[in-house]
Number of protein chains: 2
Amino acid sequence: MTKTRVLIVDDEPNIRDLLATSLRFAGFDIQTAANGTSAVAAVTASEPDIILLDVMLPDMNGFSVTKKLRSAGIQAPILFLTARDEVEDKITGLTVGGDDYLTKPFSLDEVVARIQAILRRTKSSDAEPAVIDAGPVVINQDAHEVSVEGTLVDLSPTEYKLLRFLVMNADRVLTKAQILDHVWEYDFNGDMGIVESYVSYLRKKIDPISSRSLIQTKRGVGYIYKKND
Amino acid sequence: MTKTRVLIVDDEPNIRDLLATSLRFAGFDIQTAANGTSAVAAVTASEPDIILLDVMLPDMNGFSVTKKLRSAGIQAPILFLTARDEVEDKITGLTVGGDDYLTKPFSLDEVVARIQAILRRTKSSDAEPAVIDAGPVVINQDAHEVSVEGTLVDLSPTEYKLLRFLVMNADRVLTKAQILDHVWEYDFNGDMGIVESYVSYLRKKIDPISSRSLIQTKRGVGYIYKKND
DNA sequence: GTTTTGTCTGAAAGAAACCTGAGAGTTAGT
DNA sequence: ACTAACTCTCAGGTTTCTTTCAGACAAAAC
């Protein structure tokens, strides 16, 4: 099985590097472009499986790039990246087909999740399953539903992302820094106390259902979700 | 199999030498740099497998160095070194990809363990396994769990590090000085009585489970963990 | 057998890490 | 515009860990 090829198109080097590093580590084959022109060039050269495209590029906007790509016969789905204030107007009409969009700032875990979701929808056979089954906790990513030992639990967006990150890394200790860097938006600059708070919230919701303590504290290290006892 | 190349970047000569000596002994191929500029130069020249990077350098900070390295196409994972008080602010966003960080002062054993962990995650095939299986004692480094003859034991951070050090050096006598130097932070300046204390704590936790005495005292020399009887 | 030397372990102070409730500020929904 | 839900911060309370120390104990030396 060959790696999924992702093309990242963004003019901010920071974002580009952040995405590249993160996605490369997540197992994707990465290529980058800093503007629309070189994006079109890169696409025709390398035929990516999915494209991450900032809608505000120095030389052309998301519409133009998309149009150029489509007319060049490229059918790879696109995940549009957009600032929070340039929302609705600029995006409507873009997310047709398997496309989707994500507002900046985003969390790294969310980017990966969205890419997986798109690959799933577009039936790229090399996609992760929609349902994460990790012992007592089962997460249906399509329905955005979480159940513990069969009973549904209602989680806030952040609680959901946190639990998903823990569960996807089951049986491995995650430090608070890692959790913060993956689950929270990349420009968050509060301290790690918030991770403690949210772990507390999660426990209050899921522990009463389960017979054991699902999220364990490894004092001095971090937290761990254990599939089995 | 060729040695793993490590580049150490720190402006304090003491720390540099300490790390260099210790890691060289642990089997790594070491190179050093005292500031960001020469780090970038060294990296492009020698292509290390992993980089130890102090976040506070005289000429530029960790972010800048990282950025320069990444945009130069260097994908080697980075283990950031940071003082305890500059943790919260300076670290967020750094533990992306295979990267990790360690606060000063650290213990030498911990540095090696972290390097191994990173190499493991980034699938640099020349990595030690996550599970140390040494007879009755089995240590799962991903989960930070220790079991003796199959039953889990709950250890404090220091107990864990001490046992790991003993087990990794199984069947070899370790002096209290060696233990102190590897397991405790490099600026610790208490006496070796603390090693006795912690050996005592460990024995109290693991000996009752096992049928034999796992950590033996070599009077006048030190301690030894024996895999087999 | 007694002394000396080295090791073990319990107690206790202090520090560190963690948990959680309360509240302010924000966003989203009706 | 009002209400509900959510995010984030903070501080008090709690638990656990670290370190020191002194006396008990054990082994070797004389």
Side-chain angles (χ1 to χ4, degrees), chain A residues 84-85 87-88 103 105-107 110 144 146 153-163 166 173-177 179-180 183-208 213-224, chain B residues 83-85 87-89 92 103-107 110 144 146 153-163 166 173-177 179-180 183-208 213-224:
Chain A
R84 218 182 285 286
D85 50 310
V87 231
E88 308 297 324
T103 57
F106 43 75
S107 76
E110 191 62 17
H144 237 253
V146 175
V153 287
D154 188 47
L155 301 181
S156 81
T158 306
E159 288 164 357
Y160 176 84
K161 282 185 236 164
L162 172 57
L163 183 57
L166 287 168
V173 183
L174 299 168
T175 67
K176 279 180 261 194
I179 295 172
L180 205 54
V183 176
W184 268 261
E185 296 167 353
Y186 56 73
D187 67 341
F188 178 83
N189 67 345
D191 73 348
M192 308 190 216
I194 197 161
V195 177
E196 293 175 19
S197 282
Y198 268 89
V199 167
S200 176
Y201 297 154
L202 261 185
R203 282 177 172 155
K204 216 185 310 183
K205 288 189 179 180
I206 70 180
D207 271 356
S213 187
L214 296 171
I215 302 172
Q216 293 173 20
T217 302
K218 290 288 171 187
R219 188 169 258 262
V221 192
Y223 298 100
I224 184 172
Chain B
R84 219 186 280 291
D85 50 311
V87 183
E88 308 287 329
D89 342 324
T92 31
T103 57
K104 291 183 185 179
F106 43 75
S107 75
E110 191 63 17
H144 249 249
V146 175
V153 287
D154 190 46
L155 302 181
S156 81
T158 305
E159 289 164 358
Y160 176 86
K161 282 184 231 162
L162 171 57
L163 183 57
L166 288 168
V173 181
L174 299 167
T175 67
K176 278 181 260 193
I179 294 172
L180 205 53
V183 176
W184 268 262
E185 296 168 352
Y186 56 73
D187 68 341
F188 179 81
N189 64 348
D191 72 348
M192 303 189 280
I194 199 164
V195 177
E196 295 174 16
S197 281
Y198 268 91
V199 167
S200 173
Y201 295 152
L202 261 185
R203 293 213 255 232
K204 212 186 314 184
K205 287 188 178 179
I206 70 180
D207 273 355
S213 186
L214 295 171
I215 302 171
Q216 294 171 22
T217 304
K218 290 290 172 192
R219 200 185 163 78
V221 193
Y223 299 99
I224 184 172

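Order of the sequence lines fixes the chain letters, A, B, ..., with proteins taken first and strands second; residue numbering starts at 1 for each chain. None of the values given here were measured: they were computed from a predicted structure.
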statement: Angle separating the five-pair end axes of the helix from dG1(C)-dC30(D) to dT30(C)-dA1(D), nearest 10°, is 30°
- request: Measure the spacing between CD1 of Ile215(B) and CD1 of Ile206(B) and express it to the nearest 0.5 Å.
  value: 4.0 Å
- prompt: dA5(D) C1' sits how many Å from Asp154(A) CG, rounded?
  reply: 10 Å
message: Just the rounded figure in Å: distance from C1' of dA22(D) to CG of Asp191(B).
response: 13 Å
task: Hey, can you tell me if Phe106(B) and Tyr186(B) have their rings parallel, tilted or perpendicular (30° and 60° cut-offs)?
output: perpendicular
query: Quick one: side-chain contact (heavy atoms from CB on, under 4.5 Å) partners of Ser156(A), sequence neighbours excluded?
result: Thr158(A), Glu159(A), Tyr198(A)
query: What one-letter contact string describes nucleotides 19-30 of chain C from 5' to 3', where B marks a base within less than 4.0 Å of any protein heavy atom, S marks contact via sugar-phosphate atoms alone, and - marks no contact?
result: BBBB--------
query: Can you list the residues that meet the side-chain contact (heavy atoms from CB on, under 4.5 Å) rule with Asn189(A), with sequence neighbours excluded?
result: none
message: Working to the nearest 0.5 angstrom, can you tell me the gap between Leu180(B) CG and Ile194(B) CD1?
response: 8.0 Å
message: Test of understanding: with side-chain hydrogen bond (donor to acceptor under 3.5 Å, both in side chains), list the residues that count as partners of Gln216(A), not counting sequence neighbours.
response: none
Rounded interatomic separation in angstrom, taking CG from Leu180(A) and C1' from dT7(D): 13 Å
field: Rounded interatomic separation in angstrom, taking CZ from Phe188(B) and C1' from dA15(C)
entry: 14 Å
query: Is there a side-chain polar atom (N or O) of Trp184(B) under 4.0 Å from OP1 or OP2 of dT18(D)?
result: no
- request: Return the value, rounded to whole Å, for the distance between atom CD1 of Ile194(A) and atom P of dC18(C).
  value: 16 Å
Atom pairs under 3.5 Å, N or O on each side, protein against nucleotides 14-16 of chain D: can you list them with distances?
unit_1, atom_1, unit_2, atom_2, d
dT15(D), O2, Arg219(A), NH2, 3.4

- request: Mind calculating the distance between CD (Gln216(B)) and P (dC8(C)) to the nearest angstrom?
  value: 12 Å
statement: The side-chain contact (heavy atoms from CB on, under 4.5 Å) partners of Arg219(B) (sequence neighbours excluded) come to none
- request: Nearest 0.5 Å please: distance from the CG atom of Leu162(A) over to the CG atom of Leu155(A).
  value: 9.5 Å
message: Measure CG/Leu155(A) against C1'/dT7(D) and give the value in whole Å, please.
response: 15 Å
- prompt: Taking only residues two or more places apart in sequence, or in another chain, which ones meet Asp191(B) in a side-chain contact (heavy atoms from CB on, under 4.5 Å)?
  reply: none
statement: The complete set of salt bridge (charged side-chain N to carboxylate O under 4.0 Å, His left out) pairs with one or both residues in residues 192-201 of chain A, sequence neighbours excluded, reads Lys176(A)-Glu196(A)
task: Not counting sequence neighbours, which residues clear salt bridge (Lys or Arg N to Asp or Glu O under 4.0 Å) with Lys161(A)? List them please.
output: none
task: Measure from NZ on Lys205(B) to C1' on dG10(C) and round the result to the nearest Å.
output: 15 Å
